[in-house]
There are 2 protein chains.
Amino acid sequence: MNNPNRQMRKKQLTKTFLKNAFIDLILENNNVHSITISEITDRADFNRGTFYIHYQDKIDLLEELYQDAIEGIHQSIKKPYRNKAKVFLNGVIPSNKLLFEHIEKHKKLFKALDRIENNPDIYKRLELFLWNLFSKEIYIERETDAKETRYDIFLSFQVHATVGVIKYWIKKDFIFSTSIMSEQLTSFYSDKVIAMNFKNQNLD
Amino acid sequence: MNNPNRQMRKKQLTKTFLKNAFIDLILENNNVHSITISEITDRADFNRGTFYIHYQDKIDLLEELYQDAIEGIHQSIKKPYRNKAKVFLNGVIPSNKLLFEHIEKHKKLFKALDRIENNPDIYKRLELFLWNLFSKEIYIERETDAKETRYDIFLSFQVHATVGVIKYWIKKDFIFSTSIMSEQLTSFYSDKVIAMNFKNQNLD
DNA sequence: ATCACTTTGTTGAGTATTCAACATATTCAT
DNA sequence: ATGAATATGTTGAATACTCAACAAAGTGAT
């Protein structure tokens, strides 16, 4: 039985090895720019030339780490919406639970990105992403949906609070469990949030 | 930094994936001959053609599993002799401890080979190997090294007792710890064995 | 025993990775 | 500021793996 996607999977596997090597080196070195391509390929046990098949340079690889981080969060938040457009809340918001579980599963990635103090700030990216997600894809219904409350201001609160909690958790090296984190985060705004609407039903 | 051995390591890695897939299928299927090449390569996520680059057929792959098992045991027994020709015993025979630790580390391999009831019997092979090892490479010194005791008869006892204990352990699904196993095995003949001599010092 | 079906072993063309070599950049010590 | 050493990016030839296709052998149901 032949599998036509195998070549793609093998390429992806190679990239994963390169990424993991890079993440490990960041966590050891604390300085992205002092890490050489050779170090990355040596660690991942590939020829240096192989790196350039997949990435233009170190920044290109780093950029993919950011995209992986954001996209992973995207998927974990969207997961409860498979097959249903609206998610009603009882206790912990399902997306929150999956969100923290996802981050913990990839804690090395997030820890590494947290260490990079420079220009591309993972938390700024996360704020931007969540803002877009909650304004375009997922709409949050609230008890106090009266005329005088402005959704954009509510989003500002929601997004910054969420990112702030995540940031604190990563900085504190994940000392709290995912359950505690999602319970706490949910409790912070559960008296206002009733349900979450997924606007595009055409995706799984 | 280029590493000229990388190509060899990559080939070895591919073979390891194929072997592990085969081992898993044996443990699931209980019948080597009903397992197809396609199943093996599918499980290991390789193209079927890749199999034939490394192995002639299923039997060839199986043969390598046997050799891996025997060679692994060989290495673990020989390990205490690095840099010294003679190992004196105090309590547990060092080789015994490493022997059981090695088997437990590769328990899936040994369990799979144990399942194969057919012609190539892993325990017969093990007996033959240990016999050769203890008659050619490692000499066992005993308290009662008098003229009237014949070393070949002693070896017969030693080898069959050792393999018998290993066999029981594997059949019982490794329910006893490696410490208990090596202690027990050592105690069975420690009153006779004083030291073990490694005959060829020229290997590390 | 026949026929459909699966497995086997092989082949050729295409892609991924390896390796050594090279010319440029960059880094670093003096 | 200079020179030595290291890192970067690229190239061409070799090897490993992928994929689709094929003929031949084996399997299984009727």
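Small disclaimer: the values here were computed from a predicted structure and weren't measured. Residue numbering restarts at 1 for every chain, and letters A, B, ... go by the order of the sequence lines.
The separation between B/Leu61 atom CG and C/dT8 atom C1' is 15 Å, rounded to whole Å. Computed from coordinates, the B/Leu25 CG to C/dT7 C1' distance equals 15 Å when rounded to whole Å. Rounded to a whole Å, the CG atom of A/Asp60 is 11 Å from the P atom of D/dG9. Atom pair A/Tyr55:OH and C/dT17:C1' shows a separation of 15 Å (rounding to whole Å applied). In this structure, B/Gln7 places its CD atom 8 Å from P of C/dT18, rounding to the nearest Å. A straight line from NE2 of A/His33 to P of D/dT6 spans 23 Å, rounded to a whole angstrom. The interatomic distance linking A/Lys15 (NZ) with C/dT17 (P) rounds to 11 Å, in whole Å. With rounding to whole Å, A/Glu39 atom CD is found 14 Å from D/dT8 atom C1'.
Taking the ring centre of A/Phe51 as origin, the terminal cationic atom of A/Lys58 falls outside the region bounded by 6.0 Å and 45° from the ring axis.
In this structure, A/Leu62 CG and A/Asp57 CG are separated by 10.0 Å, a value rounded to the nearest 0.5 Å.
Recorded end-axis angle for the helix from C/dA1-D/dT30 to C/dT30-D/dA1 stands at 50°, based on five pairs per end and rounded to 10 degrees.
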Table please: side-chain donor-acceptor pairs of residues 99-110 of chain A below 3.5 Å, with sequence neighbours left out.
{"from": "A/Glu101", "atom 1": "OE2", "to": "A/Lys97", "atom 2": "NZ", "distance (Å)": "2.8"}
{"from": "A/His106", "atom 1": "ND1", "to": "A/His102", "atom 2": "O", "distance (Å)": "3.2"}
{"from": "A/Lys108", "atom 1": "NZ", "to": "A/Asp24", "atom 2": "OD1", "distance (Å)": "2.7"}

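Residue B/Ser38 places no side-chain N or O under 4.0 Å from the OP1 or OP2 atom of C/dT7. For C/dC19, the OP1/OP2 oxygens have no side-chain nitrogen or oxygen of A/Arg48 closer than 4.0 Å. B/His54 has a side-chain polar atom (N or O) that falls below the 4.0 Å cut-off from OP1 or OP2 of D/dC17. Side-chain nitrogen and oxygen atoms of B/Thr50 include none within less than 4.0 Å of the OP1 or OP2 phosphate oxygen of D/dA16. Between A/Thr14 and C/dT17 there is a side-chain polar atom (N or O) within less than 4.0 angstrom of OP1 or OP2. Side-chain N/O atoms of B/Lys10 include none lying less than 4.0 angstrom from OP1 or OP2 on D/dA16.
Ring geometry for B/Tyr168 versus B/Phe176: interplanar angle under 30°, hence parallel rather than tilted (30 to 60°).
With sequence neighbours left out, the side-chain hydrogen bond (donor to acceptor under 3.5 Å, both in side chains) criterion links A/Lys19 to A/Glu64, A/Asp68.
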Apply side chain to side chain contact (heavy atoms under 4.5 Å, CB included) to residues A/Phe22 and A/Leu18 and explain how you reach the verdict. CA-CA 6 Å; A/Phe22 193 32; A/Leu18 290 171; over 6 Å; no

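When all heavy atoms of B/Ile26 and B/Ala112 are compared, the pair lying nearest together is CG2-O, 3.7 Å.
Residue A/Ile35 is the one, among B/Gly49 and A/Ile35, whose nearest nucleotide of DNA chain D lies closer to the 5' end (criterion: closest heavy atom).
Using a 4.5 Å cut-off on side-chain heavy atoms (C-beta onward), A/Leu126 and A/Thr162 make no contact.
For B/Phe46, the listed nucleotide lying nearest its side chain is D/dC17; candidates were C/dT10, D/dT15, D/dC17. Nearest nucleotide to the side chain of A/Arg6, out of C/dA16, D/dT8, D/dT18: D/dT18.
Counting any heavy atom pair closer than 4.0 Å across all strands shown, A/Ile53 reaches a base atom.
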